[in-house]
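These notes concern the structure reproduced below.
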Amino acid sequence: MSELKAVLEYYRDLGVKSLYRVAPVAITSAADLSPVVAPVLPPAASLEIPVMPKPPQLFTALPSLEPENDSFDLIRADIGDCRRCRLCEGRNKIVFGSGNPQAKLVFVGEAPGQEEDLQGLPFVGRAGQLLTQMINNTASKEGIPITRDDVFIVNVAKCRPPENRAPQPDEMEICGQFLSRQLAVLKPKAICALGGTSAKALLGLKEGVTKMRGNWYKWRDFPVMVTYHPSFLLRAYNVEAKREAWEDLKKVLHFVYD
Ligand code: URA
């Protein structure tokens, strides 16, 4: 009983008012954070192996709320007309994610922007066009017969934050349960985390993207490659970052499709 009280106080302190299906195994739970995250592929000699922060004791005692026979239909039904956090107030459409449900590769972005919010689809604005080009052109140049339609694209937060701000920790925690369920259903060969918010949600790491990009980590048993967010790459001065992002993408594509 005191454990339950501690959990409720924890969520109250986060500003969470409704606990409907807030899974204790959301992205930052014990199950997700352990075992210690280490690069999946042999790291370069100089690469530091990041060590995960210890998960809050709170989560370790709690059972998973992920349904055993989970599916996209169930997840969509559970999301419903979601009102679990403040992001519902300004959204037009919930952006579930899109692509091939059998995809071997999943890209995880941050949150919908204006265009995504209007269409209900991820990465359809300017950043999305760049992401599409990156996937299609890199695959084609590398002789890998896939296009954007063959991967799955999803965001950490399913609703557009006001002014395109980053999702806040409680919003990520609440929505993270759906992301973790989507990834568990997809069972991809690899995940590509686009930008710091995605990397933080999946890996719980505080390092900046510049330090993490190009390396392999793990979310549960799934290899995760961190790279720059396409919005960041749209800024004209990021020529070097663009080159690095292309390198990261090549690595991911060859790992998944070779
Ligand atoms: N940026 C994101 O992170 N996701 C989108 O869907 C669009 C822009």
Side-chain angles (χ1 to χ4, degrees), residues 26-27 72 75-76 79 82 85-88 90-101 103 105-136 147-183 186 188 190-205 208-210 212-213 217 219 224-236 238 241-242 244-246 248-249 252:
I27 292 297
F72 275 7
I75 301 169
R76 277 184 201 276
I79 292 177
C82 186
C85 83
R86 60 188 86 75
L87 294 185
C88 69
R91 72 149 186 257
N92 282 298
K93 289 194 176 161
I94 293 174
V95 180
F96 181 83
S98 75
N100 181 349
L105 176 57
V106 177
F107 288 85
V108 179
E110 179 175 307
Q114 184 177 30
E115 202 51 46
E116 290 78 17
D117 173 65
L118 291 172
Q119 294 191 36
L121 292 168
F123 282 100
V124 287
R126 275 186 74 220
Q129 284 158 22
L130 177 60
L131 180 63
T132 307
Q133 267 180 28
M134 286 172 70
I135 296 169
N136 294 356
T147 65
R148 170 177 168 150
D149 292 342
D150 296 295
V151 305
F152 201 87
I153 303 181
V154 70
N155 284 308
V156 173
K158 309 286 184 244
C159 297
R160 181 190 183 197
E163 319 289 333
N164 294 336
R165 66 157 169 78
Q168 293 175 358
D170 60 326
E171 295 158 358
M172 283 177 24
E173 168 120 13
I174 290 167
C175 229
Q177 65 175 307
F178 299 117
L179 174 61
S180 72
R181 286 175 61 186
Q182 285 176 304
L183 294 173
L186 283 160
I191 297 166
C192 185
L194 299 169
T197 300
S198 169
K200 196 169 168 202
L202 289 167
L203 306 168
L205 301 176
V209 183
T210 316
M212 294 171 70
R213 63 142 288 273
Y217 299 86
W219 176 78
V224 178
M225 165 68 65
V226 177
T227 194
Y228 295 112
H229 193 286
S231 303
F232 174 72
L233 299 175
L234 281 172
R235 292 179 213 152
N238 285 318
K242 271 190 194 130
E244 290 173 336
W246 255 273
D248 300 342
L249 191 53
V252 177

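Indexing begins at 1, ligand by ligand and atom by atom, following the structure's order.
For ligand 1, one of its N or O atoms has an N or O atom of Ala111 under 3.5 Å away. Between Phe123 and ligand 1, at least one pair of N/O atoms sits closer than 3.5 Å.
In Ser198, neither the side chain nor the backbone holds a heavy atom less than 4.0 Å from any atom of ligand 1. With a heavy-atom cut-off of 4.0 Å, Glu110 touches ligand 1 through backbone and side chain alike.
Looking at Pro167 and Lys158, their side chains never come closer than 4.5 Å, going by heavy atoms from C-beta outward. For the pair Trp219 and Ser180, the minimum side-chain heavy-atom distance is below 4.5 Å. Looking only at side-chain heavy atoms (C-beta outward), Leu130 and Phe123 stay at 4.5 Å or farther from each other. With contacts defined as side-chain heavy-atom distances shorter than 4.5 Å, the pair Arg160/Gln114 qualifies.
Shown in contact with Pro122 at under 4.0 Å from a heavy atom are these atoms of ligand 1, numbered in order with element: 6 (O). Those atoms of ligand 1 that come under 4.0 Å of a heavy atom in Gly109, given as number and element, are 3 (O). Atoms of ligand 1 lying under 4.0 Å from at least one heavy atom of His229, given by number and element, are 1 (N), 2 (C), 3 (O).
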Quiz item: Going through the checks in order, is the side chain to side chain donor-acceptor pair (under 3.5 Å) test met by Asp117 and Asn92?
Solution: CA-CA 6 Å; Asp117 173 65; Asn92 282 298; 2.7 Å; yes
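Aromatic ring pairs are classed by plane angle as parallel below 30°, tilted from 30° to 60° and perpendicular above 60°; the pair Phe152 and Phe72 is tilted.
Interatomic distance, Met225 CE to Tyr217 OH, rounded to the nearest 0.5 Å: 9.5 Å.
For Glu115, the closest heavy-atom approach to ligand 1 does not fall below 4.0 Å.
Scanning the protein for heavy atoms near atom 4 (N) of ligand 1, the closest one is Asn155 OD1, 2.8 Å.
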